[in-house]
Structures are given as C-alpha cells and as structure tokens.
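In what follows, a structure is listed as structure tokens, so that the remarks can point back to it.
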Amino acid sequence: MSDATTSRETAQPAPDPTPPAPGSVDRGTVLASAAFGALMLVAAVLVIVDAVRLPDTTAVVGPAAVPLPVGVLLGAVGAGLLVDSRLKLRVAVSGPPWQSRAGLRVLALVAALVAFALLLPLLGYVVTATALFVAAALLLGAPHGWQVVAYGWALAATVFLVFDRLIGLTLPAGPWGF
C-alpha cells in the first residue's frame with residue numbers, strides 16, 4: 001500500500017458546514033422547552049395547593065382569587081410546552097454542540113427566578129420584577145436595548161399599581177416605596 005492510500009483511509013471526513021434546513025428545530029432547544037414546561041407544571045401544582053390552603057374570608061374576593069387562576073394558567077402553559085416539545089421532538093435535528101445553548105438558557109431562567117425570590121424582600125417588587133422580566137425576555141431572544149428595560153419596568157409597575165393600589169394586596173415595596 002502506498003502512503004497516499006493509507007492517509008486517505010485514516011483521514012476523517014470534514015464536518016458538513018451546511019446549516020440545518022429552514023424550519024428544522026434544534027433538539028437541545030426542544031428538550032430545554034420540555035424541561036421548562038415540566039418545571040412550570042411543578043410550580044403550578046405548588047401554587048394551586050397553596051391557594052387552596054388559604055383561609056376562607058367573608059369578602060367577595062377571597063385571598064385565593066388571584067393565585068388559583070395563576071396556578072391553573074401556569075399549569076396550562078407548562079402542559080402546552082410539554083405537548084409542543086413532544087411533537088417537535090420527532091422532527092428535531094441535533095445541531096453542533098456549540099450552537100445548542102438551550103440548556104444554559106433554562107438554567108439562567110431558573111437562576112433569575114431564584115434571584116427574584118431572594119431579592120424581592122430587599123429591593124421590592126417593581127425593581128426585582130423588572131429585572132426578572134428583562135432577564136427572561138433577553139434569554140428568550142428579545143432584541144437588546146432600552147426598550148426591553150422600559151417594557152419590563154412598565155409591566156412591573158402596572159402589576160404593582162393594580163395589585164397594591166387597586167386591589168389592596170400589598171406587594172413588597174422595597175427601600176424606594178415601590
């Protein structure tokens with residue numbers, strides 16, 4: 001055998017540089033969506049169980065009026081993510097390992113939720129919710145810029161005003177009073 005034949009036999013084929021077909025779904029993203037859906041289902045069960053355990057009052061709108069529907073919606077979205085992931089998993093393609101960062105995004109979202117829970121009593125609802133909304137939007141692919149921060153702040157401030165001022169459910173105010 002010649003040296004040229006030996007080198008051709010041992011040489012590995014070059015990786016295919018062509019990107020996946022349009023419309024194909026990255027397997028890592030699908031699995032990360034499924035994991036986040038499962039996490040949402042667990043959170044939904046916890047929220048619903050806690051809402052059911054709240055004491056009854058004689059008020060027209062009791063304390064479970066908000067957490068119960070939120071838990072149900074959380075469960076519906078989580079179940080929807082699981083079903084969608086199951087359907088997309090059949091056609092998902094594995095991309096190069098350096099392109100699949102979906103698992104890191106899910107971990108970053110969980111870290112943002114944990115940071116929200118830890119910082120809420122210290123910084124108040126509006127500041128921590130703004131940070132959570134901005135982090136989630138950026139991790140889910142929103143364009144970078146001040147608009148994301150403005151939308152996050154507007155959403156957090158609106159929720160604060162509705163719950164704290166209109167409904168009368170006190171949210172953590174933080175050192176700035178909001």
Side-chain angles (χ1 to χ4, degrees), residues 25-90 92 101-142 148-178:
V25 182
D26 178 47
R27 183 174 176 81
T29 302
V30 172
L31 292 174
S33 294
F36 196 64
L39 184 67
M40 289 177 74
L41 278 177
V42 169
V45 169
L46 294 174
V47 168
I48 291 170
V49 167
D50 281 347
V52 170
R53 289 182 180 172
L54 290 173
D56 288 333
T57 62
T58 57
V60 175
V61 178
V66 173
L68 195 55
V70 166
V72 170
L73 288 174
L74 190 62
V77 171
L81 279 174
L82 283 173
V83 169
D84 185 54
S85 298
R86 175 80 173 150
L87 295 174
K88 287 182 179 177
L89 195 57
R90 296 179 188 156
R101 302 196 193 286
L104 292 176
R105 284 185 293 198
V106 170
L107 288 176
L109 281 170
V110 170
L113 287 169
V114 169
F116 172 78
L118 293 175
L119 295 174
L120 183 62
L122 302 173
L123 300 177
Y125 178 79
V126 174
V127 174
T128 54
T130 299
L132 177 64
F133 296 153
V134 169
L138 293 176
L139 287 168
L140 295 173
V148 175
V149 176
Y151 289 141
W153 182 83
L155 180 59
T158 301
V159 169
F160 181 81
L161 289 174
V162 167
F163 282 91
D164 198 67
R165 303 294 187 235
L166 294 178
I167 297 176
L169 295 175
T170 305
L171 295 174
W176 302 280
F178 56 85

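A quick note: this is a predicted structure, and the numbers were derived from the prediction, not measured.
For the salt bridge (Lys or Arg N to Asp or Glu O under 4.0 Å) test, residues two or more places apart in sequence or in another chain that qualify with Asp84 are Lys88. Every residue meeting the side-chain contact (heavy atoms from CB on, under 4.5 Å) condition with Leu122, not counting sequence neighbours, appears here in chain and number order: Leu119.
Within the structure, no pair that satisfies the salt bridge (Lys or Arg N to Asp or Glu O under 4.0 Å) test touches residues 29-42, not counting sequence neighbours.
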Side-chain donor-acceptor contacts of residues 106-116 below 3.5 Å, not counting sequence neighbours, with atom names and distances?
none

Contacts under 3.5 angstrom, residues 128-142 side chains, donor-acceptor by atom type, not counting sequence neighbours:
{"residue": "Thr128", "atom": "OG1", "partner": "Gly124", "partner atom": "O", "Å": "2.7"}
{"residue": "Thr128", "atom": "OG1", "partner": "Tyr125", "partner atom": "O", "Å": "3.3"}
{"residue": "Thr130", "atom": "OG1", "partner": "Val126", "partner atom": "O", "Å": "2.6"}

What side-chain donor-acceptor pairs closer than 3.5 Å can you find for residues 61-82, not counting sequence neighbours?
none

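To the nearest 0.5 Å, atom CE of residue Met40 and atom OG of residue Ser33 are 11.0 Å apart.
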